[in-house]
Amino acid sequence: MLINYIKIAWKVLLRHPFYTFITLFGISLTLTVLMLLTAFIDHLIGTHYPETNRARTLYVERMVMSDPVAESMMSGPMSFKFLNDYAKTLRTAERATIFSYFNGSNAYVGSNKIKLNITFSDADFWRVNAFNFIEGKPFNEQNISNGDNVAVITDQFKKQYFPDSDQPVVGKNVEIENINYKVIGVVKGSPITRPFTHADIYFPYTAPKSNYQSDGMRGNFNAMILAKEEGDLRTVQSEFQSKIRKIPLPGKQGGFKYSVLEVRSDPYLENFIMMIMNGGPGLKNIFYGVIGFIMFMVMGLPAVNLVNLNVGRILERSSEIGVRKAFGAPVKTLMWQFIVENIFITFIGGSIALIFTIILIWMINKSGWIAYSDLTINFQVFSVSVVVCLIFGLLSGVLPALRMSKLSIIDALKS
């Protein structure tokens with residue numbers, strides 16, 4: 001019987017090609033847009049290369065000093081010394097890394113200027129993050145203690161700087177702002193959408209112009225704190241905050257007097273919301289609400305059109321319903337037929353959407369629009385999207401079918 005319903009559904013689709021096209025277009029467009037949107041969101045906040053340990057990592061990105069009385073505030077990254085004292089000494093963490101936000105710099109190949117992003121970090125940076133080394137190895141504690149002028153570069157910068165980029169470059173020098181650095185490693189780069197790990201060149205924090213020797217609390221460094229397990233995040237966060245609360249207040253930093261000091265240590269999503277929306281932790285719910293509203297609108301508007309199309313399609317089949325009822329077809333049988341038809345149509349649209357999404361994501365990744373972009377299809381979200389679209393399709397088909405199935409045989413045949 002199921003096969004017969006599918007055959008009927010196929011014949012119904014072929015009966016009115018234009019309506020069929022509109023229906024499938026609405027379903028496939030809805031799911032394609034939704035999948036692309038979720039792919040970008042997942043690219044921003046999901047666990048991806050090289051930050052494969054995001055699920056058990058706390059991000060220390062900003063220090064906030066404020067004086068409620070004078071209604072003044074100062075915020076920004078911290079000094080290397082401060083993070084070394086408060087993040088590196090946590091007993092409950094597996095390890096912590098201290099690194100700078102990427103800063104702008106330049107390199108020259110002949111008369112051509114190459115704009116660069118550079119990062120200063122400690123040796124644990126390479127242990128907390130899972131960079132793929134194409135050549136060589138990362139700098140270590142020995143390089144740092146020796147004050148070696150060494151660098152890890154990305155494969156993209158290697159192609160820009162070295163004319164014979166097909167050959168190994170480990171051991172060669174790069175000149176950045178009149179200082180020569182020895183290349184000891186080449187890595188696959190990190191997208192700029194992952195600002196904690198993105199750079200073109202990575203230097204030890206002892207390299208010139210890092211300002212790691214600042215004695216104050218403020219500076220140009222951030223930290224990632226890696227927990228032993230995901231379940232330990234709360235414990236590590238609690239230990240870090242207990243250390244922060246022991247800092248004497250009020251205090252003075254560079255002439256600024258403060259009586260309130262806040263240094264957050266958050267998982268990536270919370271930190272991302274704080275960084276983008278510049279607000280408190282309550283904005284997490286607002287963030288989810290906005291995303292949910294956008295997805296509802298993406299799903300809802302085509303669903304309204306789908307309802308209208310299905311209502312018209314079912315109403316024109318009133319004579320078919322009347323004939324089937326005249327031959328003794330029960331209401332349940334008629335309902336089941338329309339359910340199967342809607343499922344069949346929805347999954348055809350879903351298959352088309354999946355193909356379109358795969359093609360579009362491949363084109364975006366290959367276009368270089370976002371360097372090192374690695375957009376992927378989140379099949380869990382895709383499954384939920386299909387279910388939601390299926391529910392809309394079922395409601396739009398079943399409700400009119402239920403109404404028609406309750407008509408008397410005479411009224412149905414007259415319609």
Side-chain angles (χ1 to χ4, degrees), residues 41-66 73 75-101 121-130 190 193-197 217-219 221-249 251 258 260-292 378 380-381:
I41 294 174
D42 181 64
H43 177 80
L44 289 174
I45 65 177
T47 299
H48 297 289
Y49 171 89
E51 297 174 42
T52 56
N53 293 318
R54 271 186 180 176
R56 58 188 183 102
T57 302
L58 295 174
Y59 293 78
V60 184
E61 181 262 338
R62 183 173 58 167
M63 170 185 287
V64 179
M65 298 172 169
S66 60
M73 184 185 72
S75 67
M78 294 134 283
S79 68
F80 186 92
K81 181 181 183 302
F82 176 84
L83 292 170
N84 191 57
D85 291 340
Y86 291 93
K88 280 282 194 179
T89 56
L90 297 175
R91 294 179 290 103
T92 55
E94 179 178 321
R95 66 177 74 250
T97 176
I98 304 173
F99 57 95
S100 69
Y101 261 140
S121 77
D122 59 10
D124 280 326
F125 183 78
W126 308 106
R127 302 183 182 107
V128 172
N129 300 295
S190 176
T193 49
R194 291 164 201 157
F196 292 104
T197 53
M217 299 171 66
R218 293 286 309 281
F221 287 89
N222 307 293
M224 293 182 193
I225 304 172
L226 183 65
K228 297 173 184 177
E229 296 179 2
E230 186 174 348
D232 296 334
L233 281 178
R234 293 286 186 185
T235 304
V236 177
Q237 191 176 44
S238 178
E239 183 187 0
F240 179 78
Q241 292 303 321
S242 68
K243 285 177 170 286
I244 299 300
R245 285 193 293 268
K246 293 178 182 178
I247 298 174
L249 293 174
Y258 60 91
V260 178
L261 176 67
E262 180 184 24
V263 184
R264 299 187 60 87
S265 53
D266 295 315
Y268 188 81
L269 178 57
E270 284 81 354
N271 183 81
F272 175 81
I273 296 172
M274 291 282 293
M275 184 168 53
I276 297 299
M277 304 182 73
N278 194 30
L283 286 177
K284 180 179 179 180
N285 294 331
I286 297 177
F287 177 79
Y288 282 132
V290 171
I291 296 300
N378 188 322
Q380 182 178 1
V381 175

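Quick caveat: nothing in here was measured; it's all calculated off a predicted structure.
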Could you state the interatomic distance from [atom1] ([X]) to [atom2] ([Y]), rounded to the nearest 0.5 Å?
{"X": "Met78", "Y": "Asp85", "atom1": "CE", "atom2": "CG", "result": "13.0 Å"}
{"X": "Tyr86", "Y": "Ser265", "atom1": "OH", "atom2": "OG", "result": "14.0 Å"}
{"X": "Asn271", "Y": "Ile45", "atom1": "CG", "atom2": "CD1", "result": "12.5 Å"}
{"X": "Phe99", "Y": "Phe221", "atom1": "CZ", "atom2": "CZ", "result": "10.5 Å"}
{"X": "Asn84", "Y": "Thr89", "atom1": "CG", "atom2": "OG1", "result": "8.0 Å"}

Any chance you could lay out the side-chain contact (heavy atoms from CB on, under 4.5 Å) test for Asn53 and Asn129, step after step, and finish with the verdict?
-> CA-CA 7 Å; Asn53 293 318; Asn129 300 295; over 6 Å; no

How are the rings of Tyr268 and Tyr59 set to each other: parallel, tilted or perpendicular (split at 30° and 60°)?
->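 Tyr268 and Tyr59: perpendicular rings.
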
Option among Arg127, Lys228, Arg56 that satisfies the side-chain hydrogen bond (donor to acceptor under 3.5 Å, both in side chains) test with Glu94 = Arg56

Could you pull out all residues at least two apart from Arg234 that satisfy side chain to side chain contact (heavy atoms under 4.5 Å, CB included)?
->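 Counting only residues at least two positions away or on another chain, Arg234 forms a side chain to side chain contact (heavy atoms under 4.5 Å, CB included) with Gln237.
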
Is [Y] close to [X] at the side-chain level, that is, under 4.5 Å between some pair of heavy atoms?
{"X": "Pro267", "Y": "Thr57", "answer": "no"}
{"X": "Met63", "Y": "Glu262", "answer": "no"}
{"X": "Leu90", "Y": "Ile225", "answer": "yes"}
{"X": "Ser66", "Y": "Tyr258", "answer": "no"}

Apply side-chain contact (heavy atoms from CB on, under 4.5 Å) to the pair Val128 and Arg95, showing each step before the final yes or no.
-> CA-CA 8 Å; Val128 172; Arg95 66 177 74 250; 3.8 Å; yes

Verify side-chain contact (heavy atoms from CB on, under 4.5 Å) between Phe196 and Glu61, making sure each step is shown before the conclusion.
-> CA-CA 9 Å; Phe196 292 104; Glu61 181 262 338; 3.9 Å; yes

Atom NZ of Lys243: over 12 foreign heavy atoms under 6.0 Å =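 Count over threshold, so yes.
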
Are Ile244 and Phe240 close enough, and set up right, to give a side-chain contact (heavy atoms from CB on, under 4.5 Å), and what steps lead you there?
-> CA-CA 6 Å; Ile244 299 300; Phe240 179 78; 3.8 Å; yes

Examine the side chains of His43 and Arg194 and answer whether a donor and an acceptor come within less than 3.5 Å of each other.
-> yes

Is the backbone N or O of Val263 less than 3.5 Å from a side-chain atom of Arg62, with the two atoms forming a donor-acceptor pair by type?
-> no

Nearest heavy-atom pair of Asp232 and Ala227: which atoms, and what distance?
-> CB-CB, 4.1 Å

